[in-house]
Amino acid sequence: MRKKLVAGNWKMHGSLTENAALLAAIKPALDGIEAAVCVPFPYLAQVQASLAGSSISWGAQNVSEQAKGAFTGEVSTAMLRDFGCEYVIVGHSERRSLYGESDELVARKYMAAQAAGLTPILCVGESLSEREGGVTEAVVARQLDAVIAAAGVASLASAVVAYEPVWAIGTGKTATPEQAQAVHAFIRRKLAALDANVAERLIIQYGGSVKAANAAELMAQPDIDGGLIGGASLIADEFIAICRAAAK
Ligand code: PEP
């Protein structure tokens, strides 16, 4: 049986004060439930201090593919490890579209994360025009293939994949449970053709306007193993309800 994992992606939101209130609310409410929050770099020390010893892990939203050196503004995997990170999001659609991250760069970040003992949460997903053009599976396959070519299919035994249709991120438009399940099943089938064991065990999260009101239906799908949650992860009651729906 795969476990389910819900991870919050705080994006570029929060402050020391706001975070303290959010963490104080979610920590006791999620006691015993495995979850994670991926926070802006400056707040890693705060979440480490707050969440150490709890059932909530933490991570970052991006990382450099370089180990160290003259890369102004970048943050390395070792630095994330220094702050106790377990996860790092790689290939979020905002990084791909706003910062020009290619499939190959995402694969290098994924490999750097794993080499440092971090678990990458690899985001894949199609844009609205790609969905309307009928190339959803081709796009998701291409994004996965870049990682498989670089790191091998076995590497997915130590990774999480998040299927995030770009048209559903931050838009309030959630994929229907059936639409999401169809792509999740495609991902698992595709990987099973290469390594059935890895495919069976892989956590595939859904992301895109998940909220308390739609979480249970999404989480009930056989190939949806949790969620990557943006906006709703900033609202304590919403995030708690989503994590509880996944844990049921
Ligand atoms: C995300 O940022 O990964 C995301 C899914 O955002 P939202 O839940 O706000 O759509």
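Note that this is a predicted model, so its numbers are computed, not measured. For the numbers below, each heavy atom of this structure counts, side chains included, while hydrogens, waters and symmetry mates do not.
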ask   = With hydrophobic residues grouped by side-chain heavy-atom distances under 4.5 Å, do Ile235 and Ile56 end up in a single group?
value = no

ask   = Should the pair Glu101-Lys109 be classified as a salt bridge under the 4.0 Å nitrogen-to-oxygen rule?
value = yes

ask   = side chain to side chain contact (heavy atoms under 4.5 Å, CB included) between Glu126 and Glu137: does it pass, once the steps are laid out?
value = CA-CA 8 Å; Glu126 81 289 2; Glu137 291 187 358; over 6 Å; no

inquiry  = Check this for me, if you would: do Asp225 and Arg188 make a salt bridge, where the nitrogen-to-carboxylate-oxygen distance has to be below 4.0 angstrom?
reply    = yes

query = Is it true that a side-chain atom of Glu104 and a backbone atom of Ala146 form a donor plus acceptor pair closer than 3.5 Å?
reply = no

Donor-acceptor contact below 3.5 Å, side chain Ser209 vs main chain Ala168 = yes

key: Sidechain-backbone polar pair: Arg81 side chain, Glu86 backbone, donor-acceptor under 3.5 Å   = no

inquiry  = If you compare all heavy atoms of Glu65 against all heavy atoms of Ala112, which two are closest, and at what distance to 0.1 Å?
reply    = O-CB, 3.9 Å

request  = Mind running side chain to side chain donor-acceptor pair (under 3.5 Å) on Ser127 and Glu130 for me, showing each step along the way?
outcome  = CA-CA 5 Å; Ser127 66; Glu130 288 165 339; 3.2 Å; yes

query = Apart from Leu228 itself, which Ile, Leu, Val, Met, Phe, Trp or Tyr residues share its cluster (side-chain heavy atoms under 4.5 Å, direct or through members)?
reply = Leu5, Tyr87, Ile89, Ile121, Val160, Ile203

request  = Would you please classify the geometry between the Tyr163 ring and the His184 ring as parallel, tilted or perpendicular, with 30° and 60° separating the classes?
outcome  = perpendicular

task = Output yes when a side-chain donor or acceptor of Ser233 lies under 3.5 Å from a complementary backbone atom of Gly8, and no otherwise.
result = no

query = How long is the gap from CZ on Arg201 to CG on Leu191, to the nearest 0.5 Å?
reply = 14.5 Å

Value rounded to 0.5 Å, distance of OG1 in Thr174 from OH in Tyr206 = 5.5 Å

Heavy-atom side-chain proximity of Leu144 to Lys190 below 4.5 angstrom = yes

inquiry  = Looking at Ser158, is its backbone amide N or carbonyl O close enough to the side chain of Gln114 to form a donor-acceptor pair, meaning the two atoms are under 3.5 Å apart?
reply    = yes

key: Asp82 versus Gln48, closest heavy-atom pair with distance   = O-NE2, 3.9 Å

ask   = Can you hop from Trp10 to Leu30 via hydrophobic side chains spaced under 4.5 Å?
value = yes

ask   = Where do Leu23 and Ser50 come nearest, in terms of heavy atoms and distance?
value = CB-OG, 3.6 Å

Considering all heavy atoms, the nearest Ser64-Thr77 contact = O-CG2, 4.3 Å

ask   = Can you find a pair of side-chain heavy atoms, one from Asn19 and one from Val39, that are under 4.5 Å apart?
value = no

ask   = How many angstroms lie between atom CG of Leu80 and atom CH2 of Trp58, to the nearest 0.5 angstrom?
value = 12.5 Å

task = For the residue pair Glu94 and Lys11, establish whether any side-chain heavy-atom pair is separated by less than 4.5 Å.
result = yes

ask   = How many angstroms lie between CD in Gln179 and CD in Gln221, if you round to the nearest 0.5 Å?
value = 11.0 Å

remark   = Note: with side-chain heavy atoms under 4.5 Å as the link, the other cluster members for Val135 come out as Val139

inquiry  = Any carboxylate oxygen within less than 4.0 angstrom of a Lys/Arg side-chain nitrogen, looking at Arg142 and Asp103?
reply    = yes

ask   = Do Ser155 and Tyr110 pass the side chain to side chain donor-acceptor pair (under 3.5 Å) test, and can you show the C-alpha distance, the side-chain angles, and the key distance before you say yes or no?
value = CA-CA 10 Å; Ser155 72; Tyr110 170 101; 2.7 Å; yes

inquiry  = Hydrophobic cluster membership, with links at side-chain heavy-atom distances under 4.5 Å among I/L/V/M/F/W/Y: are Val210 and Trp167 in one?
reply    = no

inquiry  = Counting C-beta onward and ignoring hydrogens, is there a side-chain heavy-atom pair between Gln181 and Pro222 closer than 4.5 Å?
reply    = yes

request  = Looking only at non-hydrogen atoms, find the nearest pair between Ala212 and Glu238 and report the distance.
outcome  = N-OE1, 2.8 Å

message = Counting only heavy atoms not in Arg2 (residues, nucleotides, ligands), do more than 12 fall under 6.0 Å from its CZ?
response = yes

ask   = In Å, rounded to the nearest 0.5 Å, how long is the span from NE2 of His92 to CZ of Arg95?
value = 10.5 Å

ask   = Do Lys3 and Glu34 touch side chain to side chain, with heavy atoms closer than 4.5 Å?
value = yes

key: Value rounded to 0.5 Å, distance of CD1 in Ile229 from CG in Leu234   = 11.0 Å

key: Joint cluster assignment, Ile169 & Val183, ILVMFWY side-chain distance < 4.5 Å   = no

request  = Side-chain contact test, heavy atoms from C-beta onward, threshold under 4.5 Å: evaluate it for Asp31 versus Lys27 and give yes or no.
outcome  = no

inquiry  = Assigning hydrophobic clusters by single linkage (Ile, Leu, Val, Met, Phe, Trp, Tyr; side-chain heavy-atom cutoff under 4.5 Å), is Val63 placed with Leu105?
reply    = no

message = Are Ile204 and Ile224 packed together at the side-chain level, in the sense that at least one heavy-atom pair is separated by less than 4.5 angstrom?
response = no

Minimal non-hydrogen separation, Ala154 against Val198, with atom names = CA-CG2, 4.2 Å

